[in-house]
Amino acid sequence: MALSQFFMPSNNLIGEGALEKGIEQLARLNCKKVFIVTDKILEQIGVVAQVTKPLESRGIEFKLFTDVQPNPTVSNVNAGLADLKSFDADLMISLGGGSVHDCAKGIAVVATNGGKIQDYEGLDKSTKPTLPLVSINTTAGTASEMTRFCIITDETTHIKMAIVDSNLTPILSINDSAIMSNMPAGLTAATGMDALTHAVEAYVSTGASPITDACALKAIELIAQSLPTAVVEPKNMKARDDMAYAQFLAGMAFNNASLGYVHAMAHQLGGMYDLPHGVCNALLLPHVEAFNESAAKERLDTIGQILTENNNDLAGLNTIDAIKKLADIVNIPKSLEELGVKREDFDELATNALKDVCGFTNPIQASHEQIVGIFEEAFGPRS
């Protein structure tokens with residue numbers, strides 16, 4: 001077996017009450033000035049106040065940065081960097097979903113390493129640790145709060161840059177399922193299918209290990225059981241807890257085994273059309289895994305067995321059909337065409353997907369024509 005290395009934050013809190021406990025631990029870090037990266041919606045609905053009020057009561061000064069787009073951009077990072085430099089913080093907090101965490105990581109790495117965010121595309125390009133980052137998660141999907149991955153869109157090239165760097169790993173991750181119960185159904189579905197994609201891609205990855213396998217398979221089990229319930233019963237805390245653990249386990253898996261062509265291709269769709277990442281993953285997942293079957297059939301069969309054993313609505317289906325059915329159950333759009341993707345862009349999308357670091361651990365290395373073919377398969381309605 002090849003040498004493996006395992007990355008994750010040194011401290012992680014999961015479950016109801018994690019936020020309160022996390023603030024207590026954060027206060028013990030002796031920080032005086034905290035730079036908080038979040039978004040305007042979380043500020044409007046009062047989630048930000050759940051963090052800022054306890055900081056105020058402890059005499060900790062803070063500054064908010066809320067200009068983060070759903071697919072964070074180079075401009076978002078640059079704006080946050082300018083705000084951070086004017087504040088001289090000794091710690092950062094990211095409060096939100098994957099977009100917020102990724103933006104915060106981008107700000108943090110440039111703040112201490114210099115240059116521009118584009119300099120860090122690829123694997124381990126930084127040379128210095130970032131500012132300490134505490135990541136408070138509000139969705140159950142991306143796992144960016146506990147990974148070394150950061151995805152930033154370059155508006156000039158319309159490419160989502162994949163930045164994978166151990167220095168980007170937060171020092172503390174907080175997953176409070178009570179906060180996640182505020183997620184609307186569509187976001188719950190998209191982020192849940194994102195987590196499923198993380199687990200599946202990590203399990204069939206050429207970088208998989210016994211540790212990542214265990215994390216991935218348990219994540220798939222929990223998602224099959226709990227995602228449909230979390231979508232239709234947002235305040236069902238058993239389902240929310242399960243999804244909090246599932247997305248974290250999936251993060252542990254892909255943070256170390258990496259991913260595959262689903263993510264490499266979804267990043268291009270997000271960069272070109274500004275589409276929701278989880279929805280793109282859900283649409284591409286069955287088609288990429290159908291392509292992977294010749295090299296990973298045994299592992300894909302195991303995934304199918306877990307999906308069908310843990311959700312009665314999937315019983316009797318093969319792996320690919322079970323993934324499609326689960327996407328239907330949680331009301332994921334049925335085709336790339338429905339999302340406004342254009343066939344004439346497939347050539348450029350495929351070219352850029354083959355450069356994405358996430359695709360390097362796919363179980364089969366594809367040709368340009370094969371990637372175009374997968375986009376073509378996902379273009380029409382699921383059957």
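Just so you know, these numbers use all the heavy atoms, side chains as well, and skip hydrogens, waters and symmetry mates.
- Between F254 and E201, every side-chain heavy-atom pair lies at or beyond the 4.5 Å cut-off.
- Around atom CD1 of I41, no more than 12 heavy atoms belonging to other residues, nucleotides or ligands sit under 6.0 Å away.
- A side-chain donor-acceptor contact under 3.5 Å links N311 to the backbone of A224.
- Side-chain atoms of Y261 do not come within 3.5 Å of backbone N or O of I374 as any donor-acceptor pair.
- More than 12 non-hydrogen atoms from other residues, nucleotides or ligands lie less than 6.0 angstrom from NZ of K63.
- The neighbour count for K128 NZ, taken as heavy atoms of other residues, nucleotides or ligands under 6.0 Å away, does not exceed 12.
- Looking only at distances, no side-chain donor or acceptor of E377 sits under 3.5 Å from a matching main-chain atom of G373.
- Counting only heavy atoms from C-beta outward, the side chains of L95 and V47 approach each other to under 4.5 Å.
- In this structure, N137 and S173 have side chains that are not in contact, with every pair of non-hydrogen atoms separated by 4.5 Å or more.
- Between L131 and L84 the shortest side-chain heavy-atom distance falls below 4.5 Å.
- Residues L227 and V330 approach most closely at CG-CG1, 4.0 Å, considering heavy atoms.
- For the pair C150 and D165, the minimum side-chain heavy-atom distance is 4.5 Å or more.
- Between the side chain of D313 and the backbone N or O of L326, no donor-acceptor pair lies under 3.5 Å.
- Proximity of a side-chain donor or acceptor of Q370 to a complementary backbone N or O of S367 within less than 3.5 Å is detected.
- Using modelled atom types, one side-chain atom of R148 and one backbone atom of N255 make a donor-acceptor pair closer than 3.5 Å.
- For K125, the NZ atom sits in a packed shell: over 12 heavy atoms of surrounding residues, nucleotides or ligands are nearer than 6.0 Å.
- Evaluation of the ring-ring contact (aromatic ring centres under 6.0 Å, His included) rule for H263 yields H198, H267, H277 as partners, not counting sequence neighbours.
- Nearest heavy-atom pair, T138 versus G97, reported as atom, atom and distance to 0.1 Å: OG1-N, 3.4 Å.
- Put simply, the residue from K238, R240, M243 that forms a side-chain contact (heavy atoms from CB on, under 4.5 Å) with S177 is R240.
- A donor-acceptor pair is defined here as one N or O able to donate and one able to accept, closer than 3.5 Å; such a pair exists between the side chain of N76 and the backbone of T73.
- For K53 and E56, the salt-bridge test fails: no basic side-chain N is under 4.0 Å from an acidic carboxylate O.
- For the side-chain hydrogen bond (donor to acceptor under 3.5 Å, both in side chains) test, residues two or more places apart in sequence or in another chain that qualify with Q305 are E309.
- Of the possible donor and acceptor atoms, none in the side chain of E145 sits under 3.5 Å from a partner among the backbone N and O of I136.
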Item to check | From CA spacing to verdict: side-chain contact (heavy atoms from CB on, under 4.5 Å), L26, L55 | outcome: CA-CA 9 Å; L26 185 154; L55 293 180; 3.8 Å; yes
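- As a member of the Ile/Leu/Val/Met/Phe/Trp/Tyr network built from side-chain separations under 4.5 Å, F7 groups with nothing else and remains a singleton.
- In this structure, Y245 has no ring-ring contact (aromatic ring centres under 6.0 Å, His included) partners at least two apart in sequence or on a different chain.
- F65 and F35 have parallel rings, their planes meeting at less than 30° on a 0 to 90° scale where 60° marks the start of perpendicular.
- The pair D213-R299 counts as a salt bridge, with a side-chain nitrogen and a carboxylate oxygen less than 4.0 angstrom apart.
- Judged purely by atom type and a 3.5 angstrom limit, T212 has no side-chain atom pairing as donor or acceptor with the backbone of A257.
- Side chain of D176 to backbone of G17: a donor-acceptor contact under 3.5 angstrom is found.
- At a threshold of 4.5 Å between non-hydrogen side-chain atoms, the residues F375 and H287 do not count as touching.
- The list of side-chain hydrogen bond (donor to acceptor under 3.5 Å, both in side chains) pairs with a residue in residues 27-43, not counting sequence neighbours, reads K40-D67.
- Pairs of residues two or more places apart, or lying in two chains, that qualify as side-chain hydrogen bond (donor to acceptor under 3.5 Å, both in side chains) and include a residue from residues 330-340 are D328-K334.
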